[in-house]
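Order of listing sets the numbers, starting from 1, for every ligand and every atom in it.
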Amino acid sequence: MKVVKDEYTGMTDTDHQRDERTEELGRRLAAVHRRIAAAVDAAGRQETPDLVVVTKFHPAADVRRLYSCGVRHVGENRDQEARGKAAEVADLAEAGLEWHFIGQLQSNKAKYVVRYASTVHSVDRFSLVEALSSAMDREQGRRREAGERMRPPMDCLIQVDLDDRAAADRPAGIGSRGGAHPDEVSALAAAISQAEGLRLRGVMAVAPVGLDPVPAFDLLQQISGAVSAAHPGATWISAGMSQDLEQAVAAGATHLRIGTDVLGPRPDVG
Ligand SMILES: *Cc1c(COP(=O)(O)O)cnc(C)c1O
């Protein structure tokens, strides 16, 4: 194995394996994998969903530790934070680590996201489809000129707003803003599938804050069925966080986004 020195801690990968935080992350990660396996069994499913470990608010050194524990998919919800961390551990992307963008995305940040992310889970409007597609075109052009390898198309999921409460009646929290109305999903899917540089993969949602996730995830599964009927490659369902991963697995989630239960509490929600 190649010995990589961590530029922050000065530790090598081997040191990391003995580091206490790495051990803690490894234990927490194993517990989450056991929960997922139990949920898969309980649901009678054949395939285990992919785990995207949400590293927001935690340092790049933790991303490196998670990589040493076998994690290959990490998620972030803010471009500025994600961009910085991805740059700090750029060697891991070369070694197979993928960055998933899972938060509200401003169109003017698309040009940054195409540099480091493999997947955007939160496509929720036509203007963002356009922004991502033209950012991909420019990014590929930049790479071509720089003699760098082309990147794969951007995998895109449509974030669906499953909350039927009026905006003013929603408690603050993850996913309380953003997401396309269920009625807009099929038109957005068509737009992504026709956009140069983008690859439609499926749908994503956050369970409405303070409500039972079961009916919400059932609705997401129905919407996914309609999307994949029209676009056969678009079968991904990104759903399930630390609190509701079992319900998400029962509703067919293919990608779980877990932060707290792997990394511990964050200083703030976001
Ligand atoms: C933070 C976040 C998660 C992870 O939530 P946890 O409760 O910490 O597991 C998942 N999805 C999105 C969109 C997030 O912003």
Side-chain angles (χ1 to χ4, degrees), residues 24-25 27-36 38-39 49-60 62-63 65-66 69 71 73-83 85-86 98-106 109 113 117-125 128 155-163 170-180 201-214 216-217 220 223-224 236-270:
E24 180 197 344
L25 292 176
R27 275 193 307 276
R28 286 175 166 277
L29 188 64
V32 166
H33 279 301
R34 283 194 297 275
R35 263 176 79 192
I36 297 170
D50 284 340
L51 174 59
V52 177
V53 179
V54 180
T55 49
K56 64 189 185 196
F57 291 99
H58 294 280
D62 277 353
V63 174
R65 293 184 176 99
L66 288 164
C69 296
V71 169
H73 299 272
V74 291
E76 288 282 337
N77 70 336
R78 290 178 190 173
D79 165 64
Q80 206 169 341
E81 182 182 347
R83 204 195 308 163
K85 275 188 230 176
E98 289 188 27
W99 293 83
H100 294 246
F101 194 86
I102 63 172
Q104 273 282 92
L105 181 56
Q106 291 171 270
K109 300 291 176 65
V113 169
S118 68
T119 312
V120 176
H121 289 231
S122 44
V123 180
D124 62 357
R125 58 195 191 279
L128 183 57
D155 285 331
C156 291
L157 301 176
I158 298 171
Q159 182 176 352
V160 188
D161 180 7
L162 299 174
D163 198 335
R170 300 179 181 190
I174 295 166
S176 62
R177 287 170 299 140
R201 287 297 206 176
V203 294
M204 175 274 210
V206 176
V209 180
L211 298 183
D212 182 0
V214 172
F217 289 157
L220 184 65
I223 294 169
S224 164
W236 295 5
I237 302 178
S238 166
M241 317 198 304
S242 295
Q243 295 293 323
D244 53 25
L245 81 81
E246 283 80 7
Q247 290 89 339
V249 169
T254 62
H255 293 69
L256 305 167
R257 308 176 311 268
I258 312 293
T260 311
D261 281 5
V262 175
L263 285 129
R266 289 181 290 272
D268 198 352
V269 294

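By the criterion of a heavy-atom distance under 4.0 Å, both the backbone and the side chain of I102 are placed next to ligand 1. The proximity of H121 to ligand 1, defined as any non-hydrogen pair under 4.0 Å, does not occur for either the backbone or the side chain. Proximity of K56 to ligand 1, defined as any heavy-atom pair under 4.0 Å, is confined to the side chain (atoms from C-beta onward).
The shortest N/O to N/O separation between G259 and ligand 1 falls below 3.5 Å. No N or O atom of Q243 sits closer than 3.5 Å to an N or O atom of ligand 1.
Between the side chain of K109 and the backbone N or O of R78 there is no donor-acceptor pair closer than 3.5 Å. A donor-acceptor pair under 3.5 Å is absent between the side-chain atoms of T260 and the main chain of P265, judged by distance alone.
Here atom 11 (N) of ligand 1 lies nearest to R257 when heavy atoms of H100, M204, R257 are compared.
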Quiz item: Going through the checks in order, is the side-chain contact (heavy atoms from CB on, under 4.5 Å) test met by H255 and L157?
Solution: CA-CA 11 Å; H255 293 69; L157 301 176; 5.8 Å; no
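Put simply, the side chain of H121 does not reach to within 4.5 Å of the side chain of W236, judged on heavy atoms. At least one side-chain heavy atom of L263 sits under 4.5 Å from a side-chain heavy atom of L66. For the pair L51 and H73, the minimum side-chain heavy-atom distance is 4.5 Å or more.
Each of the atoms 1 (C), 2 (C), 12 (C), 13 (C), 14 (C), 15 (O) of ligand 1 lies under 4.0 Å from some heavy atom of I174. Every atom of ligand 1 with a heavy atom of T260 under 4.0 Å away is listed here by number and element: 6 (P), 7 (O), 8 (O), 9 (O). Remark: ligand 1 atoms within the under-4.0 Å shell around heavy atoms of I258 are 9 (O).
Once rounded to the nearest 0.5 Å, the distance linking CG of N77 with CD of Q104 reads 10.0 Å.
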